[in-house]
Colleague: 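Dropping a structure here in structure tokens format, bear with me for questions.
Values below: every heavy atom of this structure, side chains too, minus hydrogens, waters and symmetry copies.
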Amino acid sequence: MYARAVGAVLIVAAVSLASTGRLFTQVADFYTQAPVVDGVTEFTGRLAQLKAMLPASGVAGYMTDPGTPATDTNAQAEYHLVQYALAPVLVVYSTEQRYVIGNFHNRISTGSLREQGFELVREFGNGIALFENAKAK
Amino acid sequence: MLLLLVSVIAGFALARAIWPAPRQWSACDPVRLAVAPVLGTGLASVAYYLVRLVGGGPPVSAIGTLLLFSAAAVGAAYLRAPAAEADPLPQGSKAPIWMTALAGVAAALAAISFLLMVAAAPHGEWDAWSIWNLRARFLFRAVEFVSPFSPLIEWTHPDYPLFLPASITLFWHGAGEESMRVVALLQAGLACSALAAPFTVIRHVRGGALAAVTALAIAGGSTLVRNAATLYADVPLAACMAAACALLVLSIETGRKEPAIVAGLAAGMAAWTKNEGQLFLIILLAAAAVAWRHIPYLLAGAAPMLAVLGIFKLKSTAANDLVNSANAANYGSRLADLNRYWITFWGFISESLTFSHFLIPPVLVFAVWLALVRLRQPVPRTRWIPLAVAGAQLAGYFLVFVATAADLDWQINGSMARLLLHVWPIALFGVFLVSADLTPE
């Protein structure tokens, strides 16, 4: 192999190994600090009891903290995770269904929701609750 | 896990059934093995989809159909072997041991990083659990075949084809549970194909030394490993595209028509993976115009997948968000907005400079490579096909960015790296295909 070719191979090798090496050190660092149970498993695990109470198929509504903007990335992620946990039940971001899943981070009084027609079916902890919409019965 | 292995064997047998070789291990079998995960996964997804389409209930009928397809592929490969023409012998020199070792270190670092990432996040990242694995869960859990494609969950993109979700579902049925290890193993197999298809074809037509650099460079793109661990459909698409392009080049270089049929099949599977794959299929057919005799074989290979995709699209009620009527109405104004071209142009430039976090921008690295090694003389027009395909695919993505109704900055930040990844193996394959030999003639 001629000298220019060796040089060219060593350049490609240096940048490739630097790229994979950098990824490896980042990932190894992250892995040692990562929680034992990953975020998706932990979040969807909160919904296990709720899933058991829902019918095997159909449509359920979804609500979260009042005033949450539609563009809130965390709120969108949690809604998508709720759908991921509860499939094949279709979860729509709307309260106009008979059963509505609540996922709250702020304290909410069930009284205020009752006034809007939502009867608490069961609270599961971690801000997760199932409501029945009297208007959609 | 066992069904996943069966599908890879079926993929290898399918490659040998279409492109036969004598019964003993043959010179092009490494290439066939390299594309086997792509073909096997495609076969599994089609088996699952067709069974659900005719109202069959998984898991028994879907697994049975895959086993039937596999047996047919093995049988056809076995029967065609005695009359098969021997594979053409590989060209070029062997790789020096130090180059093989460097490629091995890069591949090992990539593999360990992948394992650590999927161990830390077994469900992958956002699009995995909001699109791809979500659809697989719907298919796995739903008795009916309607809710996975409901317009009520339009944000899950019900129009996206089923190469990945349907194969995952079938492998879950085989495992008897929603095993994320199966999903990770599938992604790992397809990532291996994205690397191995260009590697084995370069090894066959250009020799071991250039092949070792090809493997080193593709594995060195950390975006490939990172993205495989996200469990998105971008690495599967890159694998299908790399397999199709590499096989077409092999077909042209060896003068055998059969690899072009397998190339067409892989390109059809790219179209069955993501909508971007449909653009790739069109571009590959257009690029093959410089070797026009191969076009009928490409079309013959792609035809079965296009038929499946056609049925899926006809039955899908959801329109792609790019072409739905609301978005299509404003195409003209967006395409006339020069500012959108400028923003997209800089999006491409900045992402291509930082792609895979190379110390030096990859474009510069491979420009220096070509300056040092020089182009092979002469370079027939057909050897430019991979670089032309990569360039045309990126040009297509450029126009899609300009025309998209979604927030442009958000779209660029969220997807540019993944789109560059689609063409990463093909572009490197193209660079090493036109490079001069590393050893003096």
Colleague: Taking side chain as everything from C-beta outward and backbone as N, CA, C, O, which of these in B:Pro362 sits under 4.5 Å from a heavy atom of chain A? Side chain, backbone, both or neither.
Modeller: neither
Colleague: Is it the backbone or the side chain of B:Phe366 that comes under 4.5 Å from a heavy atom of chain A, or both, or neither?
Modeller: side chain
Colleague: Give, for atom OG of B:Ser147 and atom CG of A:Leu90, the distance between the pair rounded to the nearest 0.5 Å.
Modeller: 5.5 Å
Colleague: Would A:Val59 and B:Leu152 count as a side-chain contact (heavy atoms from CB on, under 4.5 Å) if you check the C-alpha gap in whole Å, the side-chain angles of each, and the deciding distance to 0.1 Å?
Modeller: CA-CA 9 Å; A:Val59 184; B:Leu152 289 172; 3.8 Å; yes
Colleague: Could you tell me which portion of A:Thr41 (side chain, backbone, both or neither) has an atom closer than 4.5 angstrom to a non-hydrogen atom of chain B?
Modeller: both
Colleague: Hey, does A:Val27 have a side-chain heavy atom less than 4.5 Å from the side chain of B:Phe114?
Modeller: no
Colleague: So which of A:Thr44, A:Leu23, A:Thr25 has the biggest tally of heavy-atom pairs under 4.5 Å with chain B?
Modeller: A:Leu23
Colleague: Does any heavy atom of chain B fall under 4.5 Å from the side chain of A:Gln33, the backbone, both, or neither of them?
Modeller: neither
Colleague: Is it the case that the side chains of B:Arg137 and A:Gln83 hold a donor-acceptor pair, with the cut-off being a distance below 3.5 Å and no angle test?
Modeller: no
Colleague: Would you call A:Ser16 and B:Phe358 a side-chain contact if the rule is heavy atoms closer than 4.5 Å?
Modeller: yes
Colleague: Pairing donors with acceptors under 3.5 angstrom, does anything connect the side chains of B:Trp126 and A:His80?
Modeller: yes
Colleague: Report the C-alpha separation of B:Trp98 and A:Val9 in whole Å, then their side-chain angles, then the decisive distance to 0.1 Å, and conclude whether the side-chain contact (heavy atoms from CB on, under 4.5 Å) test is met.
Modeller: CA-CA 11 Å; B:Trp98 62 272; A:Val9 172; 3.8 Å; yes
Colleague: Roughly how far apart are A:Leu81 CG and B:Trp129 CH2, rounded to 0.5 Å?
Modeller: 4.0 Å
Colleague: Between B:Leu134 and chain A, with a heavy-atom cut-off of 4.5 Å, which part of the residue counts as in contact: side chain, backbone, both or neither?
Modeller: both
Colleague: Is chain B contacted by the side chain of A:Thr32, its backbone, both, or neither, given a heavy-atom distance below 4.5 Å?
Modeller: neither
Colleague: Can you tell me which portion of A:Val37 sits under 4.5 Å from chain B's heavy atoms? Options are side chain, backbone, both or neither.
Modeller: neither
Colleague: Between CD1 of B:Ile131 and OH of A:Tyr84, what distance do you get to the nearest 0.5 Å?
Modeller: 13.0 Å
Colleague: More than 12 heavy atoms of other residues, nucleotides or ligands under 6.0 Å from CD of A:Glu123: is that the case?
Modeller: no
Colleague: Below 4.5 Å from any heavy atom of chain A, which atoms of B:Ala103 appear? Answer side chain, backbone, both or neither.
Modeller: neither
Colleague: Set out, in order, the CA-CA distance, both residues' side-chain angles and the distance that settles side-chain contact (heavy atoms from CB on, under 4.5 Å) for B:Arg226 and A:Gln26, then state yes or no.
Modeller: CA-CA 11 Å; B:Arg226 244 180 235 280; A:Gln26 281 176 344; 2.7 Å; yes
Colleague: Who among B:Val368, B:Leu139, B:Val365 has the most heavy-atom pairs with chain A under 4.5 Å?
Modeller: B:Val365
Colleague: In terms of heavy-atom pairs under 4.5 Å with chain A, which of B:Leu216, B:Val105, B:Leu109, B:Leu116 leads?
Modeller: B:Leu116
Colleague: Contact part of A:Val36 toward chain B, heavy-atom cut-off under 4.5 Å: side chain, backbone, both or neither?
Modeller: neither
Colleague: Identify which part of A:Ala34 has an atom lying under 4.5 Å from any heavy atom of chain B, answering side chain, backbone, both or neither.
Modeller: side chain
Colleague: For the interface with chain B, which of A:Gly7, A:Ala13, A:Ala18 has the highest count of heavy-atom pairs at distances below 4.5 Å?
Modeller: A:Ala13
Colleague: Give, for atom CE of B:Met117 and atom CZ of A:Phe30, the distance between the pair rounded to the nearest 0.5 Å.
Modeller: 10.0 Å
Colleague: With a cut-off of 6.0 Å (strictly less than), are more than 12 heavy atoms of other residues, nucleotides or ligands near CZ of A:Phe104?
Modeller: yes
Colleague: Side chains of A:Ser19 and B:Ser356: do they bring a donor and an acceptor to under 3.5 Å?
Modeller: no
Colleague: Give, for atom OH of A:Tyr31 and atom OG of B:Ser113, the distance between the pair rounded to the nearest 0.5 Å.
Modeller: 13.0 Å
Colleague: Under a 4.5 Å cut-off applied to non-hydrogen side-chain atoms, are B:Trp369 and A:Ile11 in contact?
Modeller: no
Colleague: A:Ala77, A:Ser94, A:Pro35, A:Ser57: which one forms the most heavy-atom pairs within less than 4.5 Å of chain B?
Modeller: A:Ala77
Colleague: Could you tell me whether A:Gln116 atom CD has more than 12 heavy atoms of other residues or ligands within 6.0 Å of it?
Modeller: yes
Colleague: Highest number of heavy-atom pairs under 4.5 Å with chain B: which of A:Val89, A:Thr73, A:Val6?
Modeller: A:Thr73
Colleague: Any chance CZ of A:Arg4 has more than 12 other-residue heavy atoms, nucleotides or ligands included, within less than 6.0 Å?
Modeller: yes
Colleague: Considering all heavy atoms of both residues, which atom of A:Phe24 and which atom of B:Ile112 are nearest to each other, and what is their separation?
Modeller: CE1-CG2, 3.5 Å
Colleague: Please name the pair of heavy atoms, one in B:Ala106 and one in A:Thr20, separated by the smallest distance, quoted to 0.1 Å.
Modeller: O-CG2, 4.0 Å
Colleague: Closest approach of B:Ile153 and A:Val91, non-hydrogen atoms and distance?
Modeller: CG2-O, 4.1 Å
Colleague: Could you state the interatomic distance from OH (A:Tyr2) to OG1 (B:Thr439), rounded to the nearest 0.5 Å?
Modeller: 8.0 Å
Colleague: Does any N or O in the side chain of B:Arg141 come within less than 3.5 Å of the main-chain N or O of A:Ala87, such that one atom is a donor and the other an acceptor?
Modeller: yes
Colleague: Would you name the heavy atoms of B:Ala120 and A:Asp38 that are closest together and state the gap between them?
Modeller: O-CB, 3.3 Å
Colleague: Determine whether more than 12 heavy atoms belonging to other residues, nucleotides or ligands lie under 6.0 Å from atom CH2 of B:Trp155.
Modeller: yes
Colleague: Tell me, for A:Val92 versus chain B, whether the close heavy atoms (under 4.5 Å) come from the side chain, the backbone, both or neither.
Modeller: side chain
Colleague: Would you name the heavy atoms of B:Ala217 and A:Val12 that are closest together and state the gap between them?
Modeller: CB-CG1, 4.1 Å
